[in-house]
Chemist: 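Below are the structure tokens for one structure; questions will follow.
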Amino acid sequence: MASALEDPALQRHFKGHKDAVTYVDFSPDGKQLASSSADACVMIWNFKPQSRAYKYPGHKEAVTCVQFSPSGHLVASSSKDRTVRLWAPNIKGESSVLKAHTAVVRCVNFSSDGHTFITASDDKSIKAWNLHRQRFLYSLTEHTNWVRCARFSPDGRLIASCSDDKTVRIWDITNRLCINTFVDYKGHSNYVDFNPMGTCVASAGVDSTVKVWDIRTNKLLQHYQVHNAGVNSLSFHPSGNYLLTASNDGTVKILDLLEGRLIYTLHGHQGPVLSVAFSKSGDQFASGATDAQVLVWKTNFDKYNIKEIVKLQQKRTCPEAPPHLNDIYPKTPHLHTSSGHSIEINPMFELADTQTFDPPIIDVGANFPYCRQRIADFVYSYHIHRT
């Protein structure tokens, strides 16, 4: 039986998609979770007990990414059908459609002020859009291959992107120029994101590595080789001290960035894990995988001393000869491997009630195939109310 301090623990899992879950994102208030899927649908899961889930059809091909706006009043999704949709995450499911790119749209991301969003595409470009007017603003076009991901910095002044051209680029949106390029000759990155302070970016590589770069000094800070297959996604804890990673090896891993080591390996999905995301409060995180499931995990990273938790876990898992954990100074680019001990958590072996149920699913959105003006009015009224 697991220790009372078992952390993290599977809280619930959601079933409703008919194909791989490609992306997950928490609402700002933590009351909802959005997921996108290769089944061409977006789903909104409500955490309130016995509440219904909303399923939004509309895209014609696989949905590659989904994200709540900073206000939580809109959800944006990108798709292989070359479009971006903006949804009202309610039972009406109204949406508007933007014909965004000339190829697959891989990613959509909002600026922190909610005024702008960006899209990344296989047409080798990143495009910025005005949310209220739903109009194109500008393109960033220095990548020479498919752009897998593009993300705003927390202050909205920079954009980080990664591409099949094996580069991670940092862009200044004021002059719309690439101000720095990190090159990895071993393979491209699938995902990139800023830490909460906006001083570093982390990349998830097809070569199974996770790298953390300091954008102030333009140097590699940390290099983790802890997965056995390509890494598809990552997410920083709001404290900036922990990094969540998802891989084709079927696991989710948690890295302690202050100590420079792997601390948890989580099993639960049956197949490659495609997406992970922390909630805005950091007390939950979610994962989505090719098994069409969404798993929601509970954690308490900032409530306990992580060294004490690891020590107790080691005593439980290795009572006779607990292995030594080497402290690694984080600001060194040498390789951190998985040769050290990490806590293995497999919820399939647990007997605890995970509060899992199959919520009733309402298929909505089909009656509102194109409501661009309604969405625009909704955004406008929200901004007027805020001011």
Chemist: Within a strict 4.5 Å, meaning less than it, do heavy atoms of the Thr251 and His267 side chains meet?
Modeler: yes
Chemist: Please step through side-chain hydrogen bond (donor to acceptor under 3.5 Å, both in side chains) for the pair Thr22 and Ser36, ending with a clear verdict.
Modeler: CA-CA 6 Å; Thr22 56; Ser36 61; 2.7 Å; yes
Chemist: Could you tell me the separation between the CG atom of Asp39 and the CD atom of Glu61, rounded to the nearest 0.5 Å?
Modeler: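 One gets 13.0 Å once the value is rounded to the nearest 0.5 Å.
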Chemist: State whether the side chain of Asn248 and the backbone N or O of Val273 hold a donor-acceptor pair below 3.5 Å, judged by distance alone.
Modeler: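 No; zero donor-acceptor contacts below 3.5 Å.
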Chemist: For Ser69 and Ser71, what are the C-alpha separation, side-chain angles and deciding distance, and is it a side-chain hydrogen bond (donor to acceptor under 3.5 Å, both in side chains)?
Modeler: CA-CA 5 Å; Ser69 66; Ser71 69; 3.2 Å; yes
Chemist: If I take atom OG from residue Ser203 and atom CG from residue Asn190, how far apart are they, to the nearest 0.5 angstrom?
Modeler: 10.0 Å
Chemist: Return the CZ to CG distance between Phe117 and Leu98, rounded to the nearest 0.5 Å.
Modeler: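 Answer rounded to 0.5 Å: 5.0 Å.
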Chemist: Heavy-atom distance under 4.5 Å between the side chains of Leu86 and Leu131, does that happen here?
Modeler: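 Contact flag for Leu86/Leu131 side chains = yes.
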Chemist: Please check: side-chain N/O of Thr181 versus main-chain N/O of Arg169, any donor-acceptor pairing under 3.5 Å?
Modeler: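 No: the side chain of Thr181 does not pair with the backbone of Arg169.
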Chemist: If only atom types and distance count, is the side chain of Lys280 paired as donor or acceptor with the main-chain N or O of Phe26 below 3.5 Å?
Modeler: yes
Chemist: With distance as the sole test, does Asp184 use its side chain to make a donor-acceptor pair with the main-chain N or O of His188 at under 3.5 Å?
Modeler: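 Side chain of Asp184 to backbone of His188, a donor-acceptor pair under 3.5 Å: no, none is there.
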Chemist: Could you tell me whether the side chain of Ser235 and the main chain of Phe278 form a donor-acceptor pair under 3.5 Å?
Modeler: yes
Chemist: Spell out, as yes or no, whether a donor-acceptor pair under 3.5 Å connects the side chain of Gln284 to the backbone of Thr299.
Modeler: no
Chemist: Assign the ring pair Trp129 / Phe136 to parallel, tilted or perpendicular, where the plane angle (0 to 90°) is split at 30° and 60°.
Modeler: perpendicular
Chemist: Could you please spell out the steps behind the salt bridge (Lys or Arg N to Asp or Glu O under 4.0 Å) verdict for Lys186 and Asp207?
Modeler: CA-CA 7 Å; Lys186 292 184 178 180; Asp207 61 351; 5.9 Å; no
Chemist: Hey, are His269 and Ser287 close enough side-chain-wise for a donor-acceptor pair under 3.5 Å?
Modeler: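 The answer is yes; a qualifying pair exists.
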Chemist: Given Ser77 and His59, is the side-chain hydrogen bond (donor to acceptor under 3.5 Å, both in side chains) satisfied, shown in steps?
Modeler: CA-CA 9 Å; Ser77 60; His59 283 293; 2.7 Å; yes
Chemist: Quick one: does any side-chain atom of Lys127 pair with a main-chain N or O of Ala100 as donor and acceptor, under 3.5 Å?
Modeler: yes
Chemist: Is there a path of hydrophobic side-chain contacts, each under 4.5 Å between heavy atoms of I/L/V/M/F/W/Y residues, joining Met43 to Leu274?
Modeler: no
Chemist: Does any non-hydrogen side-chain atom of Phe194 lie less than 4.5 Å from one of Ile215?
Modeler: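 Yes. Closest side-chain heavy atoms under 4.5 Å.
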Chemist: OG of Ser233 to CG of Leu244: how many Å apart, nearest 0.5 Å?
Modeler: 8.0 Å
Chemist: Would you say Ile118 and Leu158 are hydrophobically clustered, going by side-chain heavy atoms of ILVMFWY under 4.5 Å?
Modeler: no
Chemist: Does the Ser112 side chain pair with the main chain of Pro154, one donor and one acceptor, at a distance under 3.5 Å?
Modeler: yes
Chemist: Phe14 vs Phe47 aromatic rings, parallel, tilted or perpendicular, using cut-offs 30° and 60°?
Modeler: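 Taking Phe47 first and then Phe14, their aromatic rings sit tilted (interplane angle of 30° to 60°).
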Chemist: Is there side-chain contact between Ile170 and Phe182, with heavy atoms separated by less than 4.5 Å?
Modeler: yes
Chemist: Stepwise, does the side-chain hydrogen bond (donor to acceptor under 3.5 Å, both in side chains) test hold for Gln32 with Asn46?
Modeler: CA-CA 5 Å; Gln32 294 179 310; Asn46 295 291; 2.8 Å; yes
Chemist: Would you say that Leu255 contacts Val226 through its side chain, given a criterion of any heavy-atom pair below 4.5 Å between the two side chains?
Modeler: yes
Chemist: Using the side-chain contact (heavy atoms from CB on, under 4.5 Å) rule, pick out the option among Arg148, Arg82, Arg106, His101 that qualifies with Asp122.
Modeler: Arg106
Chemist: Quick check: do Leu137 and Thr116 have side-chain heavy atoms less than 4.5 Å from each other?
Modeler: yes
Chemist: Measuring from atom CD of Glu344 to atom NZ of Lys253, what distance do you get when rounded to the nearest 0.5 angstrom?
Modeler: 6.0 Å
Chemist: Hey, could you give me the OG/NE2 distance between Ser35 and His17, rounded to the nearest 0.5 Å?
Modeler: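 The OG atom of Ser35 sits 2.5 Å away from the NE2 atom of His17.
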Chemist: Would a distance-only check, ignoring hydrogens and angles, find a side-chain to backbone donor-acceptor pair under 3.5 Å from Ser161 to Ala150?
Modeler: no
Chemist: Looking at Asp172 and Arg157, does any basic side-chain N land under 4.0 Å from a carboxylate oxygen?
Modeler: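 Arg157 and Asp172: not salt-bridged.
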Chemist: Ser275 side chain to Val24 main-chain N or O, any donor-acceptor pair under 3.5 Å?
Modeler: yes
Chemist: Could you tell me if the side chain of Arg151 sits less than 4.5 Å from the side chain of Ile159, heavy atoms only?
Modeler: no
Chemist: Under a single-linkage definition using a 4.5 Å side-chain heavy-atom cutoff for Ile, Leu, Val, Met, Phe, Trp and Tyr, are Ile126 and Val201 assigned to the same hydrophobic cluster?
Modeler: no
Chemist: Verify the cluster assignment for Leu243 and Val206: are they in a single hydrophobic cluster under the rule of side-chain heavy atoms below 4.5 Å apart?
Modeler: no
